[in-house]
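For reference, the structure is listed below as structure tokens.
Start at 1 with the first residue, then count along the sequence. We count ligands from 1, going down the list as the structure has it; atoms in each ligand are counted the same way.
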Amino acid sequence: MPDKVVTRFAPSPTGYLHIGGARTALFNWLYSKHTGGTMLLRIEDTDRERSTDAATSAILDGLSWLGLTWDGEPVSQFERAPRHREVAEELVRMGKAYYCYATPAELEAMRETARAKGLPPRYDGRWRDRDPSEAPADAKGAIRIKAPTEGETVVHDRVQGEVRFPNKDLDDFIILRSDGNPTYMHAVVVDDHDMGVTHIIRGDDHLTNAARQTVIYRAMGWDVPSMSHIPLIHGADGAKLSKRHGALGVEAYRALGYLPEALLNYLARLGWSHGDDEVMSIADMIAWFDIGDVNKGAARFDFAKLEALNGVHIRRMNDADLLDIFIATLPYLEGGPAIAARLDDRRKAQLLAALPGLKERAKTLVELVDGAAFLFTERPLPIDEKAAALLSGDARAILRGAHGALKAVSGDWTAATAEAAIRDYALAGGYKLGAVAQPLRAALTGKSTSPGVFDVLAVLGREESLARIADQID
Ligand code: GLU
């Protein structure tokens, strides 16, 4: 039996969880779920200057909102520094690494020489074969790996294919600094090995690191995990993703009213596809995802597509689930806190009843807030400009008649009984239905668009409906 799949997401806590990071997490999560494996979380906080607790919290919060769960406790890379040191020293004992005492001035001179020849800066290996007894007494050396000098290092990448790196281009890079701190390159390898990671899935900006990391694995005699370097996300115009394109933290997408499921669906489809399927549930993605099917080409982020997809997910979600997500998201949405403050049981029931009509018109939860606002405003309603236009001319006279017709409804107050009353009234008065429905809508909601006006009447109930209409005719 092959080993159980262990993936990991390894963000650096230097900022929020951005959209590219969310997609990397998603691919790791999907692959682990698809294979019945686990996904671990490692916070790569070795850069003490730039790492913050606030960023770590934002990343955990973003993952949780998206439902991208990890197994076990998050691992702090910084806390594992003693272990990184231990492995570096072990490599020295094994003769696979060595102490280097080159001074900053010497290193600068090496860089100068390389620059003059138009070569990338590289270390010339001057301490590689020297006897440890030559070490200066007063200096603490850095530990460098003995990288192979001939042949090539091949990364077998499930997305990029076989990527070959000539070893003459890999210099003896530092794995432990002279202050005793590990380099990032080294820490990642030791952590992935110790955490039992079988599959590394990350952005293709780490592809060249994969070659250097392979050198460390080989030196330790460890198995190299399966590697998948996924293409970065670009803007719709093909340029590197910037804020303008959507390079926001995932919490910004929450505030813009996207459903986690829709955002995950959209992100999954950036660089991966399953036939012509565009709309996928989480269960679909888990069932269909395979890392080997991810494309090599850069994916393009397109807000319009995300929004359209979000609308589809809103419409196809069942009302009770949508209501739960909507209520949970209210604190983050523009206009949401005001609604949350008034959300008693009666209004919750009204909202649930109005959802079928509301969700037909909303591509985001922000639009849903807007659409639902009429349920939460107190009389007399503010009437927006377009609605005011619908109440001009003889509209108020028509509305007065409609008020009378609705007041006369006996028995149940439902969309059907309200509709029958209005249709009869329009017919008797020789009005087109729209000539009655439009001013009604304006009076009931303060807006020119809303769910079907008979549904609005039903949701608001007899008393509130009649009162809102009366407000506009007196
Ligand atoms: N910490 C790295 C980053 O945020 C990821 C490193 C890795 O996945 O190996 O880009």
Shortest protein heavy-atom distance from atom 6 (C) of ligand 1, along with the residue and atom involved: Tyr184 OH, 2.6 Å

Closest protein heavy atom (residue, atom, distance) for atom 10 (O) of ligand 1: His206 NE2, 2.9 Å

Ligand 1-proximal atoms of Phe9, by part, heavy-atom distance under 4.0 Å: neither

Those residues that, when tested against Asp47, pass side-chain hydrogen bond (donor to acceptor under 3.5 Å, both in side chains) (two or more places apart): none

Flag for Asp53-Thr56: side-chain donor and acceptor within less than 3.5 Å: no

side-chain hydrogen bond (donor to acceptor under 3.5 Å, both in side chains) contacts in which one or both residues fall within residues 178-191, not counting sequence neighbours: Glu44-Tyr184, Gln77-Asp191, Arg80-Asp191, His84-Asp191, Asp179-Asn181

Glu385, CD: over 12 other non-hydrogen atoms inside 6.0 angstrom: no

Per atom 8 (O) of ligand 1, closest listed option by heavy atom (Arg42, Arg8, Met185): Arg8

Atom pair CD1/CG of Ile19 and Leu306 - distance to nearest 0.5 Å: 7.5 Å

Protein residue, atom and distance nearest to atom 1 (N) of ligand 1, heavy-atom basis: Glu44 OE1, 2.6 Å

Ligand 1 to Ala10 polar contact by distance, N or O atoms, under 3.5 Å: yes

